[in-house]
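Below: one structure, written as structure tokens.
Numbering starts at 1 and runs along the sequence shown.
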Amino acid sequence: MSLPNDPFMLLSVINMKLRDSYSSLDALCDDMNESREKIEETLNNAGFEYDKTTNSFR
């Protein structure tokens, strides 16, 4: 599955995967072979930041 380019769709997909399947953003990125930097840049530019205590972007 490729990740969506739209930041709000990406937010939804990433948070769902983090909630349901992955203990951290690093684990998700490693398993999906995705760039953490690219995900964070896209979501940061839309006003969201990763919170490792809740394992989600907010």
Side-chain angles (χ1 to χ4, degrees):
M1 172 186 177
S2 64
L3 294 175
N5 292 324
D6 176 81
F8 297 100
M9 293 295 294
L10 179 62
L11 174 70
S12 179
V13 169
I14 292 294
N15 276 344
M16 178 191 64
K17 289 187 173 292
L18 288 170
R19 181 190 69 229
D20 295 345
S21 304
Y22 296 98
S23 61
S24 70
L25 183 57
D26 286 327
L28 179 148
C29 292
D30 288 346
D31 187 54
M32 295 186 68
N33 199 29
E34 293 287 343
S35 166
R36 178 182 175 136
E37 293 78 20
K38 182 180 175 189
I39 291 170
E40 286 190 299
E41 179 182 352
T42 300
L43 293 177
N44 289 165
N45 287 340
F48 301 102
E49 288 190 29
Y50 180 66
D51 178 358
K52 69 179 183 178
T53 60
T54 61
N55 192 35
S56 65
F57 280 88
R58 303 213 178 251

Between [X] and [Y], which heavy-atom pair has the shortest distance, and what is it?
X: Pro7; Y: Ala46; value: CB-CB, 3.7 Å
X: Ile39; Y: Glu34; value: CD1-CB, 4.1 Å
X: Leu10; Y: Thr42; value: CD2-CG2, 3.7 Å

Problem set entry | Asn44 side chain reached by Glu49 side chain, heavy atoms, under 4.5 Å | yes
Exercise. Tell me, which pairs form a ring-ring contact (aromatic ring centres under 6.0 Å, His included) where one or both residues lie in residues 7-28, sequence neighbours left out?
Worked result: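 Matches after skipping sequence neighbours: Phe8-Phe48.
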Problem set entry | Of all pairs that satisfy salt bridge (Lys or Arg N to Asp or Glu O under 4.0 Å), the ones with a partner from residues 35-47, not counting sequence neighbours | Asp26-Arg36, Arg36-Glu40
Exercise. Which value, rounded to the nearest 0.5 Å, describes the distance between Leu25 atom CG and Leu43 atom CG?
Worked result: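 Going from CG on Leu25 over to CG on Leu43, the span is 9.0 Å.
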Exercise. Counting only heavy atoms not in Asp20, do more than 12 fall under 6.0 Å of its CG?
Worked result: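 Yes, the 6.0 Å shell around CG holds more than 12 heavy atoms from other groups.
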For this session: Please check if atom CE in Met9 has more than 12 non-hydrogen atoms from other residues, nucleotides or ligands closer than 6.0 Å.
Result: no
Problem set entry | Contacts of Ser21 that satisfy side chain to side chain contact (heavy atoms under 4.5 Å, CB included) - sequence neighbours left out |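 Residues passing side chain to side chain contact (heavy atoms under 4.5 Å, CB included) with Ser21: none at all.
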For this session: Begin with the C-alpha distance, continue with both residues' side-chain angles, and end with the deciding distance and a verdict on side-chain contact (heavy atoms from CB on, under 4.5 Å) for Ile14 and Leu3.
Result: CA-CA 8 Å; Ile14 292 294; Leu3 294 175; 4.1 Å; yes
For this session: Please report the C-alpha distance between Asn55 and Tyr50 in whole Å, then the side-chain angles of each, then the deciding distance to 0.1 Å, and finally whether the side chain to side chain donor-acceptor pair (under 3.5 Å) criterion is met.
Result: CA-CA 7 Å; Asn55 192 35; Tyr50 180 66; 2.6 Å; yes
Problem set entry | N/O donor-acceptor pair under 3.5 Å between Asn15 side chain and Phe57 backbone |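 Flag set: sc Asn15 to bb Phe57 pair under 3.5 Å.
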